[in-house]
Structure formats: C-alpha cells, structure tokens
Amino acid sequence: MDPALKLITILIIAIEISFTQNLILNFIIIIVSLLILILNKISLKSLLYIFLVPIIPAIGIYAAQLINGSTNYGIILATRVYAYVFLGTTFTKTASIKDLIFTLEQNFKLPAKFAYGVLGAFNLTETIRKEIKQIKLAAAMRNVHLTFFSPTLYFKSIMSALNWSNLLAEGMTSHLFVEDSPRTHFKNININKLDYVKMIIIIFLVQIVLIKF
Amino acid sequence: MQKTWNLRNIILLTLISIICGIIFFATGFIYNSLSLMLTPFGLAPFANDILIGLWIMAAPLASFIFKAPGASILSEVLGSVVEMFLGGQWGAATMIGGFIQGIASELGFTLTKYKHYDWIGIISTTLTTTIITFIWDCFKNGYSAYSIHMLILLFITRMISIFIFGGILTKLVTNMLTRSNVIK
C-alpha cells in the first residue's frame with residue numbers, strides 16, 4: 001500500500017478511537033497490527049519493546065481511572081494506549097520516511113524544498129544527537145551540568161543546528177537543487193487504484209465494528 | 001511566507017524540533033518514574049500535565065526564532081513525524097497530538113496578529129495551548145471522567161508547565177540568541 005494512503009488510514013483510525021469508547025475495536029486493532037507486524041518479520045527485540053514501552057502510561061492511566069474515574073473507562077484507555085503504539089509501529093515498520101516523503105512530493109504536491117529539506121534534516125538526527133552529547137560533556141568538564149532545564153543547552157544546540165542547516169542548504173544548492181523549479185525523479189511513484197479500494201475497505205470495516213459492538 | 005520558508009530555514013526548523021525531541025527523550029525516564037510514583041495514588045495524569053510544557057516547547061521556540069506565520073504548526077508537525085519514526089512512546093497518537101499542539105500554539109500568535117513576540121505573545125500562546133490541548137486530552141486520555149476539582153488541578157498544572165517551558169525557558173533561549181545577533 002502507498003505510504004501516504006497508509007498514513008492517512010492510520011490517522012483516521014487513531015482519531016476515531018480517540019473519540020469513541022470501544023474495547024473490542026481496540027483489541028481488534030492490536031491483534032490485526034500484531035499479525036501484520038509478524039507477517040513483516042518484526043524482530044523479537046522490537047516486539048518486546050512495543051509491549052514494554054507503553055506499560056507504564058497504560059497502567060498509570062488505568063489506575064487513575066480506577067481511583068478517580070470509572071473502571072470500565074480505564075480498561076478502554078489502557079488498551080487505547082496500546083492501540084496507538086501498535087498502529088504507529090505498523091506504519092513505521094512497513095514504510096520508510098523516505099518513501100513517505102517521495103510519494104507526498106510526487107502524488108500529493110508537497111513542495112520539493114519541504115520534502116528534501118525535511119529528509120536532509122532527518123538524516124542529521126544522529127549528528128545532532130552527538131552534538132548535544134558533546135555540548136553536555138564540554139560543559140561537564142567545566143563543572144557545569146546542563147539539563148533539559150538549562151537555556152544554555154538549547155542555545156548551544158540551536159547554534160550548532162544553524163551551522164548544520166547552512167552547510168546542508170549550501171551543499172544541496174551547489175548540487176543544483178533549485179527551490180520551486182520542476183524536478184525529474186529517479187524513482188517514479190504511482191499510486192495503485194487498488195490502494196484506494198483497500199483504504200476504503202479498512203475504514204469501512206472499522207465503522208462496522210464501531211456500530212455493531 | 002515565501003521568503004521565510006526557504007530551504008535553509010526548513011532544515012533549521014526541522015532540526016529545532018529534532019533537538020527538542022532529543023532533549024526530551026534523554027529525560028524520558030523522568031516521565032516514567034514520575035508516572036510510576038503517582039500511579040498508586042491514581043494521579044498518573046499529572047505526570048503528563050507536569051511535563052507537557054517540554055512536549056510543546058518546539059512550537060513557541062520556532063515562532064520566536066522565525067517570527068513568521070506557520071512556524072508553530074510546521075515545527076510540531078515535522079517534529080512529530082520525525083519522532084514517530086524514531087520510535088516515540090505514543091505511536092500514532094504522536095502525529096495527531098503534534099498537529100493539535102501546533103495549531104494550539106499557532107493560534108496564540110495569530111490572535112496577536114504575529115506582532116507580539118514578547119510577554120503578550122507568550123501569555124496568549126500559553127492560554128490557547130493549555131485550553132486546546134486540555135480539550136483534546138478530555139477525549140484522548142479520558143479526563144472527562146475525573147471529578148471537577150481534579151480537572152481544575154490538572155488544568156492549572158498544565159498551564160504552569162506550559163508557561164515555564166513554552167514561555168519562560170523559550171524567552172530565555174531567544175534572549176540568548178538575540179544577544180548573539182543570531183535573530184533580530
């Protein structure tokens with residue numbers, strides 16, 4: 001399925017479960033997502049990760065409803081946390097940000113500067129992570145401990161981001177990336193008509209579950 | 001609009017959201033331990049509301065740096081897409097949340113006609129962000145089931161958090177950037 005259509009489908013489902021209270025639908029979403037993930041050969045490690053990571057918020061929200069709200073609602077909310085995470089993981093494990101951005105650019109008229117700008121920045125994530133670590137270390141050597149509370153940490157990180165964005169933009173321009181000019185594509189992405197049909201069927205099935213149960 | 005959103009600024013904007021995301025994730029254990037501590041008392045939602053300011057920080061920060069319409073929404077949406085791919089704790093809810101927070105923060109600057117990048121702008125964006133994200137959480141996190149005094153407490157906690165992180169901290173960072181002549 002086309003990444004952009006997949007994303008839209010997932011977002012529609014996520015919005016719907018936010019505004020409705022349906023335990024069965026939550027379970028169906030979790031089970032179907034799990035099946036899709038297993039069919040896509042998800043590693044045991046990532047599977048454990050998505051089971052363990054939402055456990056604290058899920059229990060927290062359940063306990064809060066148990067003590068200060070209603071129990072039934074608590075179960076729905078806890079399963080909802082899992083449904084969100086499973087929906088999100090189904091998307092991120094079966095589509096890459098590259099494919100998503102390329103199809104958005106070619107089929108949904110996203111301006112090229114946004115597509116390639118975001119992609120460029122995304123690829124800098126690791127570098128930025130290292131920079132932040134370095135800034136913290138450098139400060140620690142002078143016995144200054146920077147936390148998420150210190151403006152200096154943000155200031156220095158933004159300064160380094162400024163530098164990186166200048167370099168990257170210059171690099172892209174010198175490789176003849178011209179904003180707002182038409183581009184040719186190495187890989188043409190066309191949306192299959194069947195993908196629209198799939199999307200409509202999935203959303204239709206969700207509505208049936210919502211109405212029936 | 002056309003001039004502000006050139007290639008360099010789009011990259012910078014995305015990087016700013018990534019920075020906020022990384023700094024927040026590095027302290028992710030604070031959320032989890034806070035949440036665990038509060039769980040036995042049924043007060044786990046407070047963990048969410050105490051730290052929400054960090055979540056939305058990218059939006060006012062971007063608005064203060066670029067001083068242009070759209071900065072808040074763009075930074076939050078781009079940030080949430082990146083965050084989802086990096087494996088956030090919230091999965092699909094990250095994207096919807098990002099979009100709503102972006103609109104909420106943007107509205108605060110729209111109400112001041114994009115002219116007040118000072119305390120008035122901060123107060124306005126704090127108010128809109130608090131109100132809109134609170135309504136969203138009424139549905140998403142089931143706040144509507146809580147009693148009225150718990151809701152009031154949650155609302156006040158959220159407002160203070162957004163004011164401290166999205167307001168005071170943002171202002172301090174932009175002051176530093178202004179002093180070093182990075183932004184006007």
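Naming: A, B, ... by sequence-line order, numbering from 1 per chain. Everything numeric here is computed off the predicted structure, so don't read it as measured data.
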- Message: side chain to side chain contact (heavy atoms under 4.5 Å, CB included), that's the test. Do Phe99(B) and Glu76(B) meet it? Break it down for me.
- Response: CA-CA 6 Å; Phe99(B) 189 63; Glu76(B) 281 288 329; over 6 Å; no

- Under the ring-ring contact (aromatic ring centres under 6.0 Å, His included) criterion, do Phe114(A) and Trp5(B) qualify, and how do the steps go? CA-CA 9 Å; Phe114(A) 277 99; Trp5(B) 300 122; 7.1 Å; no

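Ring planes of Trp119(B) and Phe163(B): tilted class, angle from 30 to 60°. Between Tyr82(A) and Phe51(A), the ring planes lie tilted relative to each other; the angle falls in the 30° to 60° range. Taking the six-membered ring for Trp and thresholds of 30 and 60 degrees, Phe64(B) and Phe109(B) have ring planes more than 60 degrees apart, a perpendicular arrangement.
If you measure heavy-atom distances from Ile168(B) to chain A, you find no contacts under 4.5 Å at all. With a 4.5 Å cut-off on non-hydrogen atoms, Met176(B) touches chain A through its backbone and its side chain both. No part of Leu38(B) comes within reach of chain A, as not one of its non-hydrogen atoms sits under 4.5 angstrom from that chain. If you measure heavy-atom distances from Leu119(A) to chain B, you find no contacts under 4.5 Å at all. Both the backbone and the side chain of Ile11(B) come within less than 4.5 Å of a heavy atom in chain A. Interface residue Val173(B): backbone and side-chain heavy atoms are both found under 4.5 Å from chain A. Both the backbone and the side chain of Leu12(B) come within contact range of chain A, judged by heavy atoms closer than 4.5 Å. Only the side chain of Leu78(B) comes within less than 4.5 Å of a heavy atom in chain A; its backbone stays farther off. Using a 4.5 Å cut-off between heavy atoms, Ser144(B) contacts chain A through its side chain alone, with no backbone atom that close. Using a 4.5 Å cut-off between heavy atoms, Phe165(B) contacts chain A through its side chain alone, with no backbone atom that close. Ala112(A) does not touch chain B: none of its heavy atoms, backbone or side chain, sits under 4.5 Å away.
Minimum interatomic distance between Tyr117(B) and Lys171(B) (heavy atoms only, all atoms of both residues): O-NZ, 4.1 Å.
Counted within 6.0 Å of NZ on Lys67(B), heavy atoms from surrounding residues, nucleotides or ligands total more than 12; the atom is thus considered enclosed.
With chain B as the partner, the residue from Val118(A), Ile97(A), Ile76(A) showing the most heavy-atom pairs under 4.5 Å is Ile97(A). Of all the listed residues (Asn141(B), Leu172(B), Ile65(B)), the one sharing the greatest number of non-hydrogen pairs under 4.5 Å with chain A is Asn141(B). Of the listed residues Ala44(B), Pro45(B), Gly142(B), Ser180(B), the one with more heavy-atom pairs under 4.5 angstrom with chain A than any other is Gly142(B). Top candidate by heavy-atom pairs under 4.5 Å with chain B, chosen from Thr173(A), Ile67(A), Leu100(A), is Ile67(A). Most heavy-atom pairs under 4.5 Å with chain B: of the set Phe86(A), Tyr116(A), Phe91(A), Tyr62(A), this distinction falls to Phe91(A).
A distance of 12.5 Å separates CG in Leu154(B) from OG1 in Thr130(B), rounded to the nearest 0.5 Å.
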